[in-house]
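Got a structure here, written out as structure tokens. Questions coming.
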Amino acid sequence: MPELPEVEVVRAGLERHVVGATLASVEVLHPRPVRRDPRGPSGFASVLTGRRVEAARRRGKYFWLPLDSGDALLGHLGMSGQMLVQPVGTADERHLRVRFGLTTGGELRFVDQRMFGGLSVSTGGADLPPEIEHIARDPIDPEFDDDLFVARVRKRTSGIKRLLLDQGLISGVGNIYADEALWRARLHGERSGDRLKRAQVVELLSHVRAVMGEALAQGGTSFDALYVNVNGESGYFDRSLSAYGQEGEPCGRCATPIRRITFMNRSSYFCPRCQPKPRAST
DNA sequence: AGTGGATCCTGAACGC
DNA sequence: TGCGTTCAGGATCCAC
């Protein structure tokens, strides 16, 4: 489940291994991953063929490769996507969806089991693809505006976990790191934004940064074989998790068993003692 | 405009 | 053994 640290590892891998190469061939093996591209699979392939990759950039969990045409190849890994650079002749991965032949030798491959991710060509999107203009900066971005984030959170009545997952407010935070940051901040995810003190939101933001920073230092999180970076190497961070996936395990602070509840059709893990559920009036 | 729930997708894990 | 159900979740879509 790639979150921002994993996507940054992928971006860095693309920068190192793909920038400077020309896409000599493009082969779409499944239409779904290019569903966002209005050109369709064949148009996607033809507009990319022969283009040179000039950079590798990222905002939140999106990455894009500006091209010598002024367009950009925009991508998102979804839940299970991978960008792999493989030698020519490497056996096809079971869920190989798109293959790019590179003039530098080797192939860039988009592999995605569940196909929540995808690729598309953004017209004139070299600087910031218009498709992702609504995505906020991430908290690692030097231009992230802390005061603006705090102010916006404190005007919203949604639960703080939903706000952390709102990519228009803050990008790059997924389910796992949201739970970890909330545990560190001792906040229940259902606490409404407008009822949090300014200092509570500031502290929560610092925990989000810390969790991301630790994951980035370790090369991203991996919980199963689904996430692999651009070279096919998995990152490991899972031993550091305090809340996510820890149902029934003792809280690291107070030893109360961690609980799991369903939220937005996914799981939320929290300590019922350190992170008390808000009362209806609070 | 903000809110909250549904939806997409595959395959591993689970229950009977 | 086999078949059906549940679960995982990022981003988008939609009704209110």
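Nothing here was measured: the structure is a model prediction, and the numbers come from that model.
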_Donor-acceptor check, side chain of A/Asn175 to backbone of A/Ser267, threshold 3.5 angstrom: yes or no?_
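The answer is yes, because a donor-acceptor pair under 3.5 Å joins these two groups.
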_Rounded interatomic separation in angstrom, taking CZ from A/Arg162 and C1' from B/dG5_ = 7 Å
_Atom-pair distance (CG on A/Leu164; P on B/dG4), nearest Å_ =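 Rounded to whole Å, this separation is 15 Å.
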*Quick one: A/Asn175 CG to C/dG9 C1', roughly how many Å, whole number?*
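Roughly 7 Å, once rounded to whole Å.
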*Plane angle bin for A/Phe270 and A/His188 - parallel if under 30°, tilted between 30 and 60°, otherwise perpendicular*: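 A/His188 and A/Phe270: perpendicular rings.
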_In this structure, how many angstroms lie between the P atom of B/dG4 and the CG atom of A/Leu169, rounded?_
13 Å
*Which part of the nucleic acid does A/Arg260 contact within heavy-atom distance under 4.0 Å: base, sugar-phosphate only, or nothing?*
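The residue A/Arg260 makes sugar-phosphate contact but no base contact.
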*Could you give the CG-to-P distance, from A/Asp179 to C/dA8, as a whole number of Å?*
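Nearest whole value for this atom pair: 12 Å.
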*Cationic tip of A/Arg11 within the cone over A/Trp64's six-membered ring, i.e. under 6.0 Å and within 45° of the normal?*
no
*Are any side-chain N or O atoms of A/Glu180 and backbone N or O atoms of A/Ala243, one a donor and one an acceptor, separated by less than 3.5 Å?*
yes
_Overall bend - the helix from B/dG2-C/dC16 to B/dC16-C/dG2, comparing terminal axes fitted on five pairs, nearest 10 degrees_ =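 About 50° separates the two local helix axes.
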*Can you figure out which of C/dG9, B/dG5, C/dA8 approaches the side chain of A/Met79 most closely?*
C/dG9
*Take the protein atom CG of A/Leu77 and the nucleotide atom C1' of C/dA8, then report the distance between them rounded to whole Å.*
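Rounded to the whole Å, the gap is 16 Å.
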*Would you check if A/Phe116 stacks with the base of C/dA11, given a 5.5 Å centroid limit and a 30° plane limit, both strict?*
no
*More than 12 heavy atoms of other groups within 6.0 Å of A/Arg209 CZ*: yes
*Which part of the nucleic acid does A/Tyr62 contact within heavy-atom distance under 4.0 Å: base, sugar-phosphate only, or nothing?*
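It contacts sugar-phosphate atoms only.
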*Keeping the roles fixed (side chain from A/Arg39, backbone from A/Val121), state whether a donor-acceptor pair exists under 3.5 Å.*
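Here the side-chain-to-backbone pair exists.
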*Is A/Arg58 reaching over with its side chain to a backbone N or O of A/Gly60, donor-acceptor style, under 3.5 angstrom?*
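Present.
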*DNA chain B: A/Gly159 or A/Met264, which has the more 5' nearest nucleotide?*
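Per heavy-atom nearest nucleotide, the more 5' residue is A/Gly159.
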*Starting from the 5' end of DNA chain B, give me the residue, A/Thr157 or A/Arg266, whose nearest nucleotide shows up first.*
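This one resolves to A/Thr157.
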*Consider the side chain of A/Tyr244, meaning its heavy atoms from C-beta on, and name the nucleotide among C/dA8, B/dG4, B/dG2 that approaches it most closely.*
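Of the candidates, C/dA8 comes closest.
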Please produce a list of atom pairs where a protein N or O lies less than 3.5 Å from an N or O of nucleotides 10-13 of chain B.
from   : atom 1 : to       : atom 2 : distance (Å)
B/dG11 : O4'    : A/Gln113 : OE1    : 3.4

